[in-house]
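Taking it in order: structure first as structure tokens, then the write-up.
Because only heavy atoms are used, hydrogens play no part in the values below, and waters and symmetry mates are left out as well, while side chains stay in. Per chain, numbering begins at 1; letters A, B, ... match sequence-line order.
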Protein chains: 2
Amino acid sequence: MTPGPSRSPAPETRDRILDAAEGLFVEHGFEATSMRMITSSAGANIAAVNYHFGTKDALIQEVFGRRLTELNRQRLAALDRLQAEAKGEPLKPSRIVEAFFGTALELAADTEHGGHTFMRLLGRTYTEPNAFVRKFMAEEYAEVLERFLGALYSALPDVPREEILWRFHFMMGAMSYAIAGTDSLQLFAGSFDDADPQRLMPRLMSFLLGGLRAPLAEFAQGAVQGGDREAA
Amino acid sequence: MTPGPSRSPAPETRDRILDAAEGLFVEHGFEATSMRMITSSAGANIAAVNYHFGTKDALIQEVFGRRLTELNRQRLAALDRLQAEAKGEPLKPSRIVEAFFGTALELAADTEHGGHTFMRLLGRTYTEPNAFVRKFMAEEYAEVLERFLGALYSALPDVPREEILWRFHFMMGAMSYAIAGTDSLQLFAGSFDDADPQRLMPRLMSFLLGGLRAPLAEFAQGAVQGGDREAA
DNA sequence: GTATGATTCAAACACACGTTTGAATTGAGC
DNA sequence: GCTCAATTCAAACGTGTGTTTGAATCATAC
């Protein structure tokens, strides 16, 4: 039962289901997207999803897996390239940030092959409550985060590691919202005519680097008066 | 049917349901939280929620309404105070940002009366797919965003309004993730021992102001080379 | 052409969902 | 003590969920 494709090259039903699921997950969320919505949108039978993937959770995992693995592979490749070019010299923090977030933004700018759709989904999923999804994401990110945080630690030896960690967290939030929140929540009513992903890249990069370079906060209570140490 | 409380002062069942719902929504999300989970957690009968609120959507709306209205009232009061003190002088952008985000961070630092729980929920909800929730949030935020963005436009007359809009968007993302993502996604494995909300405030503020002040990006394609104009 | 494995299909499974019902219980005002 | 409205309760409503079944169809190899 649930034999799985043994040696056939590319049955297209499987991919149609993945594409349909990806789009519907973005639009309605995981829980609110039913298997019947997915299969009918993909023009497949309801039983097809269990035949090809087993369970709904496994389908979710596969929706992420096929894109996230590749994204993180590219991120690591970009970091490898940087470190190879540097030949032992310390890396510029801005280049590290570009390798991580720029790679993601390039995927988000791809509106033709579903990259944009996926990045919207990914952005929302960082705060997804579903335990299964969380666990999967953590595993998928473990190596990448270790490598990039390590690179930043080396590039900024004078900045406390905890500060770097927090700022990386802040940066991920800014990027995720920039991508996921633009067209989903119309809080900023009618104002994002210029949601062109091509233009998002330089805008966001400038903001991220500004935040990374901000003076380190002192732990005075109340209003923040930034110190004069520069973080980056 | 569904008479609603007409003139009684404070039946406690209603509040127990709201508190239980708030906590469960944070933990599992809206869709994955059932009425039975809520009422059993609140020690109430399953029918109580429909008696007091009518529908699940109305309950969700009330969970947000009771806290978000107050938060935004405080934000506007803080801006009023700033503008009164300035007596016509232009406001410092950093003060405007503090009025908006600092007020929210203070609520997030309140772990005793559920403020922290609520802010985690709020952060995730900015990207919530549910159409009903989105519409409600947009209405609830309309006035506050108009006032604060207007204040920033006046404080930064030389910066294109679209840039200010984007940076505000980025800032909201950084804050939301900082609050919502800390304990939900353990991407940064085991590293956030120091998740003390009191310390989050100065850290995040420094980052946000750094991003706001970052040089404006030029729209060169490819890697970002920030211009030399300062945004704030 | 027939055998074999992969895939599709209509139908049903048991279960959980949000909501409703109508009777019981409570509590204050007279 | 009685009245009457507010509230609680057990039970059921109809519907949609993820998943499973077993037969039908398809495609390939011999």
Side-chain angles (χ1 to χ4, degrees), chain A residues 1-25 27-64 128-133 136, chain B residues 1-25 27-64 128-133 136:
Chain A
M1 315 168 184
T2 58
S6 66
R7 66 182 66 189
S8 66
E12 69 177 26
T13 300
R14 209 185 119 95
D15 290 323
R16 283 206 322 273
I17 289 175
L18 285 173
D19 290 339
E22 192 173 63
L24 288 167
F25 286 156
E27 202 173 343
H28 304 104
F30 296 123
E31 306 276 354
T33 301
S34 70
M35 314 240 64
R36 284 164 181 82
M37 288 165 67
I38 294 170
T39 49
S40 84
S41 164
N45 186 276
I46 168 74
V49 79
N50 287 77
Y51 173 76
H52 285 285
F53 303 96
T55 67
K56 185 179 180 180
D57 273 347
L59 168 62
I60 294 174
Q61 179 162 352
E62 186 56 27
V63 165
F64 279 90
E128 169 68 32
N130 182 309
F132 175 84
V133 176
F136 170 67
Chain B
M1 313 161 184
T2 59
S6 67
R7 65 183 65 190
S8 66
E12 70 176 25
T13 301
R14 210 186 116 94
D15 290 323
R16 284 208 318 274
I17 290 175
L18 286 172
D19 290 339
E22 193 174 62
L24 289 168
F25 286 156
E27 203 173 342
H28 304 103
F30 296 123
E31 307 276 354
T33 301
S34 71
M35 310 285 271
R36 286 166 178 83
M37 290 165 70
I38 294 169
T39 49
S40 85
S41 165
N45 186 276
I46 167 76
V49 77
N50 287 77
Y51 173 77
H52 285 285
F53 303 97
T55 68
K56 185 180 181 180
D57 273 348
L59 169 64
I60 294 174
Q61 179 162 352
E62 186 57 26
V63 166
F64 279 90
E128 168 69 32
N130 181 307
F132 176 84
V133 176
F136 170 68

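- Considering only side-chain atoms of B:Asn50, the nucleotide from D:dT19, C:dT19, C:dT8 that sits closest is C:dT19.
- Straight-line distance from the CG atom of A:Asp15 to the C1' atom of C:dT7: 15 Å, rounded to whole Å.
- Rounded to whole angstrom, the span from the CZ atom of A:Phe53 across to the C1' atom of D:dT19 amounts to 16 Å.
- Whole-Å rounding puts the A:Tyr51 OH to C:dG5 P distance at 13 Å.
- Residue B:Asn45 places its side chain closer to D:dC9 than to any other of D:dT19, C:dC9, D:dC9.
- A donor and an acceptor atom sit less than 3.5 Å apart, one in the side chain of A:Arg36 and one in the base of D:dG18.
- Listed nucleotides D:dA10, D:dT19, C:dT19 differ in distance to B:Ile46; the shortest reach to its side chain belongs to C:dT19.
- Between the CG atom of A:Leu59 and the NE2 atom of A:His52 there is a distance of 11.0 Å, given to the nearest 0.5 Å.
- At whole-Å resolution of the value, CE in A:Met37 and C1' in D:dG18 are 14 Å apart.
- Between A:Arg14 atom CZ and C:dA6 atom P there is a gap of 15 Å when expressed in whole angstrom units.
- Checked against C:dT19, D:dA10, D:dT17, the side chain of A:Ser34 finds its nearest nucleotide in D:dT17.
- Across the protein-nucleic acid pair, A:Met35 atom CE and C:dA12 atom P stand 21 Å apart, rounded to whole Å.
- Using a 4.0 Å cut-off, some side-chain N or O of A:His52 falls inside it from OP1 or OP2 of C:dT8.
- Separation of atoms CG (A:Leu24) and OG (A:Ser40) is listed at 8.0 Å; rounding is to 0.5 Å.
- Remark: C1' of C:dT7 and CZ of A:Arg16 are 12 Å apart, rounded to the nearest angstrom.
- Side-chain contact between B:Ile46 and B:Met35: present, with at least one pair of heavy atoms (C-beta onward) separated by less than 4.5 Å.
- The distance between atom CG of A:Leu59 and atom P of D:dG18, rounded to the nearest whole Å, is 10 Å.
- Here the nucleotide nearest the side chain of B:Thr13, chosen from D:dT8, C:dT21, C:dT19, is D:dT8.
- Considering only heavy atoms from C-beta on, B:Phe132 comes within 4.5 Å of B:Gln61 through its side chain.
- As judged by a 4.0 angstrom heavy-atom cut-off over every strand, B:Thr39 is placed among residues making no nucleic acid contact.
- In the set C:dA6, C:dT21, C:dG18, the nucleotide with an atom closest to the side chain of B:Ala47 is C:dT21.
- The distance from the CD1 atom of B:Ile60 to the CZ atom of B:Phe53 is 11.5 Å, given to the nearest 0.5 Å.
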